[in-house]
Each structure stands twice: as C-alpha cells, then as structure tokens.
Colleague: 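The structure under discussion is supplied below as structure tokens; questions concerning it will follow.
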Amino acid sequence: MKQPLFDGSVIEAGSSLQGIDERLTAYTRIFLLFLAGVLLFGTAAGYLIAWKLTSGIERVSDAARRIADGDLSLRVKLCHEADEVDQLVNAFNAMSENNEALVTELRTVTDDIAHDLRTPLTRMRGLAEVTAAGKPDIESFREMCGAVAEECDSMVQLINEMLEITRTESSINRLERTELSLTELVRQAGTLFSELAEDRKIRLETKFPADHEIKIRADKLKIQRLVANLLDNALKFTPAGGTVTLSLSERDGAAVIAVRDSGCGIAPEDAEKIFKRFYRCDASRTLPGNGLGLAMVQAIANAHRARIELESSPGKGSCFSVIFPPEPEEINS
Ligand code: ADP
C-alpha cells in the first residue's frame, strides 16, 4: 500500500508473503498425501471387488463344466460375495433346477413310451409266432394281418398324441386364436356326444347362459379337443344310469367350462398325478385309454393360460373346471 505524505514523500507499507507460501506448501502436501491414500484405497477396493466377482464367476463356470459332464444335481453355493454374483448364482441354480426336472421328465416319458410300445410289439410277435406254428390256412393269416394292422394303428395314434402334447407344451404349434363362442362350442359338444351318452345309458346335460353369448380369443380346434377329452373321460368313468353335465359360466369375469360326472371319482392321492403323461388310476386300467387325455387337456389349458380345478369324491363323482383368464387378448402376447 502507498500513502503520499505532506512533504511530497511517499510511504510504502507491505507484509511478507512467506507465511502464505508456507501454508500453501503444507496444504499441497496434505492434498497429495490424501490423493495418494485415496488412490491406494481405490486400487485395493477395486482389486478386492474384482477378485470377489471373478471368484464367484469361476465357481459358476466350474459348476457349468461339471453339469455338462453329467452331474445334473450340482448347484452353486450362495456365498454373498457381491449382489451381481448372487444374482448370477440364483439364476444359474434356477436354470439347473429346470434342466434337471426336464431331463428327469424326459427320461420318465421315454421309459413310458418304451413300455407302451413294447406291449403291442410283444402282442404282435406272439400273434405271428402262433400263426406261423399253426395250420397254414389263409383265414388265420388274414386274421393275424387284421390284428397287426390294429396294433399298428394304436401305436401310431399314441405317437401322434405324444407329439401333439409336446408341440402344444413347447408352443411349436402357435395357437390359431380367433374369437370363439364358447356358448356355441358347448352346444355343439352336447349334440356331438349325445349319441355316445345314449349308448352308455348316461344322461348328458348342457348348461350355459341363455341371455348372452360367452366368447374368448382361443384356438377353436384345441378347445374342442380339451372339451372332448373331458367329456370322453366323464362318459367312460360314469356307470350306466349316471349323469354328466357340461356347463359354461362366468366367474369374476373369467369364462369357466366345467364337466361334472356322477362316476367313480378320483382318490385325493391321484388328483395331481392324473395330469401326467401315461398315468392311469389302478381302477381304470381295465378300461380303454392310454393315459394321455388329461396331459393333453393340461397342455392346451397352459397354452391358453387357463387354470384347471378338480373336485372329486371317490364313489360320488368328479368335476373338472377349466378357468380361462379374464383378459384373453393377452394370450401369447
Ligand atoms: P385315459 O382316460 O386314457 O386313461 P387320461 O389322461 O384321460 O387317460 O386320464 C388319466 C386317468 O385319470 C384315467 O385313467 C382315470 O384313472 C383318471 N380319470 C380321468 N378322468 C376321470 C373321471 N372323470 N373320473 C374318474 N377318473 C378319471
């Protein structure tokens, strides 16, 4: 600072910058030390996180290799190393669980198919042996050919049904959805099955709201198949003099198709199993069938996001209800 005096001279005052310089140097040193600390800590933390992530990923890839070698039951242990690794482990374990279930199911189905094909093949072999050992007359050969053709037809039907169930389940056959009048479908099914019901001396009733039509967006052929399989079973497992009712109604905005019968009923321990391929309750093994009808019903219901409810009392009868979702336009979206 400069200040002129009375006599013309100037007085100049100032202060030394040495203190500020020293403080600046001290701050710079502290800042550099802090920076070095942050860098050190950051590197260590980064290394730790990377190590945790890679060790988690290594565990998953090691498990994947061992599963590929055949150990399908192997799962990765959750070690809570990092959220991302935990998510990966959970997703991997869920996928392994599904794969194991699918492979087990595939093995069971293959065994069942082998069993179901072995029986008619053995019958055909027996027929051929008996015919060959018997008198060489044309009539017995004709009979054998007829029986063999019948066995072949039923084997082809079984294979076709299996393929159709698998395709419906895996949505290879995309649904041919159209606006479908369930009222009309139920009416037609009642007419179609009336003759069979009459032959078996069973009363077949159909019930649907008379004042309005119930429509959904669905695959007509598949829904016809679903209703036919349920009606076929109801008529098969109901003795003469009984009643089968096919009804259509609405429940909380959902369309419900129900097939009720006064037949033999289903034991509680069989209720879950009957929807599996080839499962037949002991009491029905003497009746015609291959145990695929309800597996098909389940596959069609699943493809339409419909739910199946079963109420049954052994000796009194059963009721299978198929509940279609209230917003059918969402199907396959
Ligand atoms: P299938 O009728 O060819 O035996 P399904 O898959 O249609 O095969 O049915 C599986 C089994 O479930 C039947 O064998 C029978 O034991 C039982 N079942 C199905 N529907 C009924 C019913 N309405 N009443 C009693 N039992 C039934």
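Atoms within each ligand, like the ligands themselves, are counted from 1 in listed order. In this chain, numbering begins with 1 at the start of the sequence shown. Just so you know, these numbers come straight off a predicted model, no measurement behind them.
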Colleague: Which N or O atoms of ligand 1 sit under 3.5 Å from a protein N or O, and how far apart is each pair?
Modeller:
residue  : atom   : partner : partner atom : Å
ligand 1 : 2 (O)  : Asn233  : OD1          : 2.9
ligand 1 : 2 (O)  : Lys236  : NZ           : 2.9
ligand 1 : 3 (O)  : Asn290  : N            : 3.0
ligand 1 : 3 (O)  : Gly291  : N            : 3.0
ligand 1 : 4 (O)  : Arg280  : NE           : 2.7
ligand 1 : 4 (O)  : Arg280  : NH2          : 3.1
ligand 1 : 6 (O)  : Gly293  : N            : 3.2
ligand 1 : 6 (O)  : Leu294  : N            : 2.8
ligand 1 : 7 (O)  : Asn233  : OD1          : 3.3
ligand 1 : 7 (O)  : Asn233  : ND2          : 2.8
ligand 1 : 7 (O)  : Leu294  : N            : 3.3
ligand 1 : 8 (O)  : Gly291  : N            : 3.3
ligand 1 : 14 (O) : Ser284  : OG           : 3.2
ligand 1 : 16 (O) : Cys281  : N            : 3.1
ligand 1 : 16 (O) : Ser284  : OG           : 2.5
ligand 1 : 20 (N) : Asn233  : ND2          : 3.4
ligand 1 : 23 (N) : Asp261  : OD2          : 2.9

Colleague: Return the set of residues passing salt bridge (charged side-chain N to carboxylate O under 4.0 Å, His left out) with Glu100 (not counting sequence neighbours), or none when no residue passes.
Modeller: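 By the salt bridge (charged side-chain N to carboxylate O under 4.0 Å, His left out) rule, Glu100 matches Arg75.
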Colleague: Apply salt bridge (charged side-chain N to carboxylate O under 4.0 Å, His left out) to Glu143 and list each qualifying residue two or more places apart in sequence or on a separate chain.
Modeller: none
Colleague: Return the set of residues passing salt bridge (charged side-chain N to carboxylate O under 4.0 Å, His left out) with Glu309 (not counting sequence neighbours), or none when no residue passes.
Modeller: Arg251, Arg307
Colleague: Between the main-chain N or O of Glu184 and the side-chain N or O of Ser181, is there a donor-acceptor pair closer than 3.5 Å?
Modeller: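 Side chain of Ser181 to backbone of Glu184: a pair is present.
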Colleague: Salt bridge check: are Glu179 and Lys220 linked by an N-O gap of less than 4.0 Å?
Modeller: no
Colleague: Just checking, is any N or O donor in the side chain of Ser73 or Asp71 under 3.5 Å from an acceptor N or O on the other one?
Modeller: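 Distance-only check passes for Ser73 and Asp71.
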